[in-house]
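Throughout, protein chains are lettered first and strands after them, A, B, ... in sequence-line order, and every chain is numbered starting at 1. Everything numeric here is computed off the predicted structure, so don't read it as measured data.
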There are 2 protein chains.
Amino acid sequence: MEKTLTITKSLADGNRMRVIAALMEKEELCVCQIVEMLRLATATVSRHMSILQNARLVQSRKDGKWVYYRLAEPFPETLRIWLFESLSGSPEIQADRVLLESILECIPADLCRRQKKRKGCAC
Amino acid sequence: MEKTLTITKSLADGNRMRVIAALMEKEELCVCQIVEMLRLATATVSRHMSILQNARLVQSRKDGKWVYYRLAEPFPETLRIWLFESLSGSPEIQADRVLLESILECIPADLCRRQKKRKGCAC
DNA sequence: ATCTCATTTCGTTATTTAGCTAAATATACA
DNA sequence: TGTATATTTAGCTAAATAACGAAATGAGAT
């Protein structure tokens, strides 16, 4: 039961749920993209992703200084279906979807610079 | 997304997960039976059931002074399947299953009396 | 109406969790 | 090597949550 509980606990937070929903649509996101979407501190996002990774819901890969997260393989299929069904029609997830489109137009390096200085995107 | 989050939050507690698992096997349980299984105070169980009811995962009926809970109708089918799959093989749930068999041999009135006095079951 | 009993609600306490900043770590570059 | 940068970890604070006992509520019996 611990494993199940670890999963439900990791999904008992709105921001982590939003990340999962985003990763159900986009194959992979890097920390700074998630930071941009959630509008949280990098440290906070890192911690959230750690919880999701520990729950075996996401996995990560490093590309130099960049860390990318994607849904874990394997991801419980029935859980994914339930999430998809119950989140469909959610205005918050839809808002994230739109925001993510513009975020993905920036390359991560530019995003990070922007986050550091809180200035306009270089895109 | 609020509805989904309400559900994941309600399932982010071990005791509430145990109740759901029990109700997936037994059609209906009354408060005192749940109290006996979880080994918690009546007030605590009542509060847990209130959370599950608010999340639309369980529903209740009254029979005089007795309140019985069962899985809500409708209960998200894909969620149920995931829970069943991920909880199968859980030693804690299996232990509850065994304990519940003996609990169900007592009628609720006797259970309540026992809980009040912490003495032997009248069965 | 009064008393008994099962359950719920309320208030309190201890524990857990989400958010942040600062420090630490890992990677890249000059 | 030193500097810059992305991310993670550690520590702190405020908020949320689980457990309990007491009080309130509802149902049954006399």
Can you measure [X] atom [atom1] to [N] atom [atom2] for me and round it to whole angstrom units?
X       : N      : atom1 : atom2 : value
B:Leu38 : D:dA18 : CG    : P     : 13 Å
A:Leu40 : C:dA18 : CG    : P     : 11 Å
B:Tyr69 : C:dA6  : OH    : P     : 15 Å
A:Ile34 : C:dG19 : CD1   : P     : 14 Å
B:Leu5  : D:dA16 : CG    : C1'   : 13 Å
A:Lys65 : C:dC29 : NZ    : C1'   : 8 Å
B:Asp63 : C:dT7  : CG    : C1'   : 14 Å

Taking only residues two or more places apart in sequence, or in another chain, which ones meet [X] in a side-chain hydrogen bond (donor to acceptor under 3.5 Å, both in side chains)?
X        : value
B:Thr8   : none
B:Gln53  : B:Ser60
A:Glu101 : A:Lys26

Does B:Tyr68 reach a base, just sugar-phosphate, or nothing at all? Heavy atoms under 4.0 Å. nothing

The criterion is salt bridge (Lys or Arg N to Asp or Glu O under 4.0 Å); which residues satisfy it with [X], sequence neighbours excluded?
X       : value
A:Arg97 : A:Glu25
B:Arg18 : B:Asp96
A:Glu27 : A:Arg70

Applying side chain to side chain contact (heavy atoms under 4.5 Å, CB included), name anything that partners B:Thr4, two or more places apart in sequence or on another chain. A:Met17, A:Trp82, A:Leu83, A:Ser86, A:Leu87

Under the rule for side chain to side chain contact (heavy atoms under 4.5 Å, CB included), what residues qualify as partners of B:Ser50, not counting sequence neighbours? none

Heavy atoms within less than 4.0 Å of DNA chain D: which residues of residues 42-62 of chain B have one? Give them sorted by number. B:Ala43, B:Thr44, B:His48, B:Lys62

Among residues 25-33 of chain B, which contact DNA chain D at a heavy-atom distance under 4.0 Å? none

Would you tabulate the nitrogen or oxygen pairs shorter than 3.5 Å linking the protein to nucleotides 14-16 of chain C?
none

If you define the side chain from C-beta out and look only at heavy atoms, does anything of B:Glu28 sit under 4.5 Å from B:Arg61? yes

Is there a side-chain contact between A:Leu29 and A:Tyr68 (heavy atoms, below 4.5 Å)? no

Side chain of B:Ala41 - closest among D:dC20, D:dT5, C:dT21: D:dC20

Can I get a per-line list of side-chain donor-acceptor pairs under 3.5 Å for residues 40-47 of chain B, giving both atom names and the distance, sequence neighbours left out?
none

